[in-house]
2 protein chains.
Amino acid sequence: MDNKGCHIKIKAVHDAMDVLNGKWKISIISSICYYSIRRFSDILQDVGGISNKMLSKELKELEMNRLITRTVLDTQPVTVQYQLTEYGRTLQTIINNLSDWGIEHRKVIIGDR
Amino acid sequence: MDNKGCHIKIKAVHDAMDVLNGKWKISIISSICYYSIRRFSDILQDVGGISNKMLSKELKELEMNRLITRTVLDTQPVTVQYQLTEYGRTLQTIINNLSDWGIEHRKVIIGDR
DNA sequence: CGGCATCCTTCTGGATACTG
DNA sequence: CAGTATCCAGAAGGATGCCG
């Protein structure tokens, strides 16, 4: 690949990571992605270790970037559902790749010991 | 997908992100990935905004995770080259996907304005 | 050139309590 | 249930200088 092509691609990766930054964002997306529709407290469970404050903040950012939608159901008490937008679903390939890689990576780590 | 399958995949994504955490790690990998072989100061340029302290630290972590190798050439002054290991190259698919997504994402952002 | 050491500021994010 | 508010410790990370 020529020099210019490299830089364009590196920049593109950087652009992608701008949206997906943060310790938890990709895990959150994968939770919503795999369940298709997911509630706040469920995501809190799925993504082990995250605090409600952080989850709230990161969900808000994902919503602002139009990767997910937030739906409030008029129940008592309130229920809130999160789903990927059509745009958010364009991330599915990446999520699947990461998941596959994570599974292999775990084998490597265990094999190391 | 059943409940258990979801959790395994979400966990796997989390495992992958454990290695790829940090604001810069994926950009650094993509720089080395696209150039095949790359020097410290070059990566510093490729990844806009990173400080040498951070780059040094993150490279060390990537090396510890056996994703890259560090080679010191006996020149004056010293030259150091970084390359992906065979294992690191298993990330190429993900990098390419992120790059493609980043290019599309940029179009979306620009289209928004 | 490729770092490491130091200082210092900003940001991250946990714990806890509270609200509609 | 799904957050918000506050407090606060610790980590992240920039700037600068030094070194082989």
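Lettering follows sequence order; numbering is per chain, from 1. Reckoned from all heavy atoms, side chains included, excluding hydrogens, waters and symmetry mates.
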Give the C-alpha distance, both sets of side-chain angles, the deciding distance and a yes or no for side-chain hydrogen bond (donor to acceptor under 3.5 Å, both in side chains) between Asn3(A) and Tyr34(B).
CA-CA 9 Å; Asn3(A) 204 290; Tyr34(B) 285 127; over 6 Å; no
What's the verdict on salt bridge (Lys or Arg N to Asp or Glu O under 4.0 Å) for Lys60(A) and Glu63(A), showing C-alpha distance, side-chain angles and the deciding distance?
CA-CA 5 Å; Lys60(A) 213 174 286 175; Glu63(A) 196 188 352; over 6 Å; no
Begin from the C-alpha positions of Glu86(A) and Arg89(A) and carry the test salt bridge (Lys or Arg N to Asp or Glu O under 4.0 Å) through to its verdict.
CA-CA 5 Å; Glu86(A) 190 180 339; Arg89(A) 283 195 289 277; 5.2 Å; no
Rounded to whole Å, how long is the line connecting atom [atom1] of [X] with atom [atom2] of [N]?
X	N	atom1	atom2	result
Leu55(B)	dC4(C)	CG	P	10 Å
Asp74(A)	dA2(D)	CG	C1'	14 Å
Glu58(B)	dG14(D)	CD	P	10 Å
Phe40(B)	dC19(D)	CZ	P	19 Å
Lys23(B)	dA11(D)	NZ	P	18 Å
Trp24(A)	dG13(C)	CH2	P	8 Å

Taking the side chain of [X] as heavy atoms from C-beta outward, which of [options] is closest to it?
X	options	value
Thr79(A)	dA2(D), dG2(C), dG14(C)	dA2(D)
Pro77(A)	dG13(D), dC1(C), dC1(D)	dC1(D)
Val80(A)	dG14(C), dC4(C), dG3(D)	dG3(D)

Asp42(B) or Lys53(B), whichever maps to the more 5' nucleotide of DNA chain C:
Asp42(B)
Describe, in one word, how the ring planes of Tyr82(A) and Phe40(A) are oriented to each other, choosing from parallel (under 30°), tilted (30 to 60°) and perpendicular (over 60°).
tilted
Taking atom types as they are modelled, would you say the side chain of Lys57(A) forms a donor-acceptor pair with the base of dG13(C) within the 3.5 Å cutoff?
no
Degree of bending in the helix from dC1(C)-dG20(D) to dG20(C)-dC1(D) once both end axes are built from five pairs, to 10°
50°
